[in-house]
Amino acid sequence: MGQEEWEALRDPIFSGWVTQGPKVKEFEQLFAKRHSVEYALAVSNCTTALHLALLALGIEPGDEVIVPAFTWVSTANVVRYCFAKPVFVDIDLNTFNIDIEKIAEKVTAKTKAIIPVHLFGLCADIPAIKERFPNLKIIEDGACAAGSALNGVPAGGLGDIGCFSFHPRKSVTTGEGGMLTTNDKALGEVMDKLRNHGASISEEQRHHGPQPYILPAFEMVGYNYRMTDLQGAMGVVQLGKLDKFIDERDKWARFYQDELKEVKWLSTPKVPDGFKHGWQSFVTLVDENIAPYKRNAIMQILLDKGISTRPGTHAVHMLDVYAKMYSLKPEDYPNAEAANNFTIALPLHNRMSVEDYAYIVETIKSI
Ligand SMILES: Cc1ncc(COP(=O)(O)O)c(C=O)c1O
């Protein structure tokens with residue numbers, strides 16, 4: 001963020017239009033174009049996007065929705081918001097995404113949808129999921145995947161509905177913020193109403209201008225999940241930088257991959273053929289069998305040398321709330337457990353310098 005974002009905030013401040021308005025519309029149109037989808041609808045964050053996606057697909061109490069066991073907690077929480085059951089599936093440690101081979105054993109008569117996550121910016125293999133499970137509705141959790149693609153198809157247009165985040169840990173940010181994408185007009189219309197208290201504006205109002213005596217109709221219980229025009233204005237500027245950011249991150253991801261090859265105890269992320277990684281994070285995996293120290297000790301050494309790292313994310317089935325709710329044990333999803341315990345996200349950011357990257361690889365090699 002810098003001068004351009006700062007200046008972009010002038011428009012909504014001085015026009016006085018600060019909630020969902022023209023800047024949100026502009027951001028949506030640009031986002032839809034960049035991700036090759038018909039409809040993009042901005043919302044307050046990716047968690048609310050996921051919630052609306054489930055509601056639009058008709059998920060009801062008692063339904064089951066498949067989610068990967070290693071993801072940010074909101075992928076599962078949103079299923080609970082609908083009083084449905086999140087059913088966890090283990091991940092593939094090569095991609096950190098849902099293991100497609102393990103989905104079938106979790107599908108029951110109650111399974112209505114699946115939320116594959118494009119974790120850290122690498123798309124889940126949605127075409128393969130579609131082919132194997134044609135009856136399941138697919139919501140892409142693309143929180144980390146703005147600008148990612150699979151076989152040339154951008155994230156957000158691979159499943160029935162896509163959901164994105166503009167939280168500051170993502171490649172482009174609006175502070176908080178989210179986006180829904182779809183190519184289905186009916187789903188787009190429902191989500192448009194749901195984000196705005198369930199209000200539907202009549203065609204007459206839309207086309208013939210303001211008529212002070214007509215209020216919107218309300219046919220459903222909706223939510224206030226709108227984005228502000230301040231965020232929309234910032235989103236327009238940030239989106240314009242997305243491809244440059246990804247290209248830079250891609251360059252440094254390759255640098256890490258090459259330089260860290262000799263560090264046998266640390267595996268770097270692989271990008272399978274046909275996948276364009278969005279590099280929200282560069283997440284490595286420590287092999288504690290051959291590493292000189294445990295994962296946490298390595299992170300502490302790095303911190304002591306001024307290098308800030310984080311675990312990739314958490315295994316949701318190991319969080320107290322879900323472990324208790326469904327009597328889950330860590331070893332029920334061994335790969336998610338391993339990812340929970342052994343991942344390290346290395347620094348990857350557009351404000352880092354050549355010297356920063358060189359210092360990080362040298363420090364890791366010295367360990
Ligand atoms: C995989 C995943 N899903 C959902 C979310 C939620 O996004 P938000 O913070 O915009 O609600 C995140 C955010 O970190 C995420 O990483």
Side-chain angles (χ1 to χ4, degrees), residues 24 27 31 40-55 65-82 86 88-92 95-98 113-124 126 138-148 155-156 158-159 161-181 191 195 223-228 231-232 234-235 238-239 242 249 269 277-283 310-319 321-322 333 336 339-340 343 345 348-349:
V24 164
F27 183 32
F31 197 89
L41 298 157
V43 286
S44 47
N45 54 64
C46 183
T47 307
T48 53
L50 289 162
H51 184 197
L52 295 191
L54 288 169
L55 292 171
V65 177
I66 292 192
V67 299
F70 184 61
T71 177
W72 184 245
V73 66
S74 51
T75 316
N77 282 348
V78 291
V79 180
R80 294 296 305 152
Y81 295 174
C82 301
F88 298 104
V89 168
D90 208 359
I91 55 154
D92 178 345
T95 60
F96 297 123
N97 283 332
I98 195 160
I114 176 165
I115 313 181
V117 179
H118 303 322
L119 204 61
F120 311 131
L122 181 70
C123 287
I126 306 283
I138 300 178
I139 299 171
E140 295 170 61
D141 182 341
C144 316
S148 305
L158 294 160
I161 300 175
C163 301
F164 294 85
S165 172
F166 308 117
H167 178 271
R169 195 184 148 175
K170 309 302 183 271
S171 306
V172 287
T173 184
T174 57
E176 297 282 353
M179 192 71 79
L180 282 154
T181 55
M191 296 188 296
R195 71 170 163 172
Y223 301 79
N224 179 355
Y225 284 173
R226 293 180 305 236
M227 176 181 268
T228 70
Q231 292 165 297
M234 193 161 149
Q238 283 271 294
L239 189 65
L242 175 66
R249 285 169 181 238
H277 207 308
W279 294 120
Q280 178 251 349
S281 297
F282 188 89
V283 177
R310 292 284 180 278
T313 185
H314 44 215
V316 180
H317 75 286
M318 290 168 67
L319 301 176
V321 52
Y322 285 102
Y333 304 93
N340 184 86
T343 48
L348 185 71
H349 193 271

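First listed ligand is number 1; within each ligand, the first listed atom is number 1. Predicted, not measured: the structure shown is a model, and the values here were computed from it.
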*Just by modelled atom types, is the Ser165 backbone N or O under 3.5 Å from a matching donor or acceptor in the Asn45 side chain?*
no

*Which protein non-hydrogen atom lies closest to atom 11 (O) of ligand 1, naming both residue and atom, and how far is it?*
Thr47 OG1, 2.5 Å

*Check each heavy atom of Thr75 against ligand 1 and say whether those closer than 4.0 Å belong to the side chain, the backbone, both or neither.*
side chain

*Which protein non-hydrogen atom lies closest to atom 5 (C) of ligand 1, naming both residue and atom, and how far is it?*
Ser74 OG, 3.5 Å

*asked:* What I want to know is whether Glu176 and ligand 1 share at least one N or O pair that is separated by under 3.5 angstrom.
replied: no

*Could you tell me whether Leu50 and ligand 1 have an N or O pair separated by under 3.5 Å?*
no

*Any idea which protein heavy atom is nearest atom 3 (N) of ligand 1, and the distance to it?*
Asp141 OD2, 2.7 Å

*Report, in ascending order of atom number, the atoms of ligand 1 lying under 4.0 Å from any heavy atom of Val117.*
1 (C)

_Is the ring pair Phe27/Phe166 parallel, tilted or perpendicular, if the boundaries are 30 and 60 degrees?_
tilted

*Which residue holds the protein heavy atom closest to atom 14 (O) of ligand 1, what is that atom called, and what is the gap in Å?*
Lys170 NZ, 2.8 Å

*Determine the minimum heavy-atom distance between Ala42 and Val24, stating which atoms define it.*
CB-CG1, 3.8 Å

_Main chain of Asn77, side chain of Tyr322: is a donor-acceptor contact present, judged purely on distance under 3.5 Å?_
yes

_I'd like to know if the side chain of His314 reaches the main chain of Val73, judged simply by a donor and an acceptor atom lying under 3.5 Å from each other, with no hydrogens or angles considered._
yes

*Scan side-chain atoms only and decide if Arg195 and Thr48 contain a donor-acceptor pair under the 3.5 Å cut-off.*
no

*From the options Ser281, Cys144, Ser44, select the one whose nearest heavy atom is closest to atom 16 (O) of ligand 1.*
Cys144

*Considering only protein heavy atoms, which is closest to atom 2 (C) of ligand 1, and at what distance to one decimal place?*
Ala143 CB, 3.4 Å

*How are the rings of Phe120 and Phe70 set to each other: parallel, tilted or perpendicular (split at 30° and 60°)?*
perpendicular

_Test your reading of the model: is there a side-chain donor-acceptor pair from Ser148 to the backbone of Gly121, 3.5 Å cut-off?_
yes

*Short N or O distance, Thr71 and ligand 1, threshold 3.5 Å exclusive*: no

*asked:* Return the closest protein heavy atom for atom 7 (O) of ligand 1 as residue, atom name and distance.
replied: Cys46 CB, 3.2 Å

*Between His167 and Glu176, is there a donor-acceptor pair closer than 3.5 Å when you use the side chain of the first and the backbone of the second?*
no

*Given Pro168, Gly312, Ser165, which one has a non-hydrogen atom that is nearest to atom 9 (O) of ligand 1?*
Ser165

